[in-house]
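As a basis for the values below, the full set of heavy atoms in this structure was taken, side chains included, without hydrogen atoms, waters or symmetry mates. Note that ligands are numbered from 1 as they come in the structure, with each ligand's atoms numbered from 1 the same way.
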Amino acid sequence: MKMVKRALAAGPALLLGASPAMAAWSDLNLRVGVTELSREIYGLHMLILWVCVAIAAAVFGVMIYSIATFRKSKGAVPATFEHNTKAEIVWTVIPVIILVAMAVPAARTLVKIEDTRGSELTVKVTGYQWKWQYEYVDHGVSFFSTLARTSDEARQLDSGIEPRRVENYLLEVDQPLVVPQGRKVRVLITANDVIHAWWVPDFGMKKDAIPGYINELWFNAEKPGTYRGQCAELCGRDHGFMPVVVEVLPQAEFDTWLEQQKATRQAAGAPPVRTAGARTVETAATLRVANAE
Ligand SMILES: [Cu+2]
């Protein structure tokens, strides 16, 4: 038991102590991300990893000790009993306790992930072969997001362009999804042809985009910035060429951006705002109130 405790204490110390190792570790490990959910998922992942490490250390410790200590050359004589009720109860009860202890925090996070109530912005995401469409359902703004020109040119056969020289190769789009910082954004996900999956690792979120079916997820990005992801469901020839880029802006900048989008649409003679009415006005007012705070 002492050994297990020592191993548990040494693990995180090793990881925190060495900084080059730390960089390598963060490249390998799950991302912490920039949302409450992504942090919770990371926490669960680490907790369960250390539970597994502790179990492995205990089980292999006992096994190696037994093999070494009770070997034939040392004169060990095998026992002849067949059952030991006490041992069977112990090795049933202990795993049950461990599993229940892990299920409690995991279930709590799962429930939180599914709870899209109280969202402040709804975006409908539609997957196409091979691009994404983003619709701000309460604001009548919608656009397609396709692979950036620079990446698209570099990926052509015999393009002569070195992909490593292209910034954010295959992870850049012409028009990213723009969302406000610190707001609960609800994302409705569907597809128009085959199954895709919308995935942004920094938000800890990935959901399938299925034709004729609407999936839901939410995130609340705490830090402004650009977050990149990819289609995560093999969807055909250009599956690798439909990245997801989300730009998180402070509320005021987001409002300006949204107004610009509406103005551009109107100038281009786009059809009138689809969901105009009480709801749009109310959402705009809510955003203004939230902005004033
Ligand atoms: Cu796809």
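Ion pairing between a basic and an acidic side chain is recognised when a charged N comes within 4.0 Å of a carboxylate O; R186 and D115 show no such pairing. Here R228 pairs with E172 in a salt bridge; the nearest charged N to carboxylate O distance falls below 4.0 Å. Looking at E259 and K262, a side-chain N of the basic residue comes within less than 4.0 Å of a carboxylate O on the acidic one, giving a salt bridge.
With 2.8 Å as the limit, Q129 does not count as an N, O or S neighbour of the Cu ion (ligand 1).
Both the sub-6.0 Å distance and the 45° axial angle are not jointly satisfied by R31 relative to the ring of Y42.
Nearest N, O or S atom of H196 to the Cu ion (ligand 1): atom ND1.
An angle of 110° is found at the Cu ion (ligand 1) between C231 atom SG and M242 atom SD, rounded to 10°.
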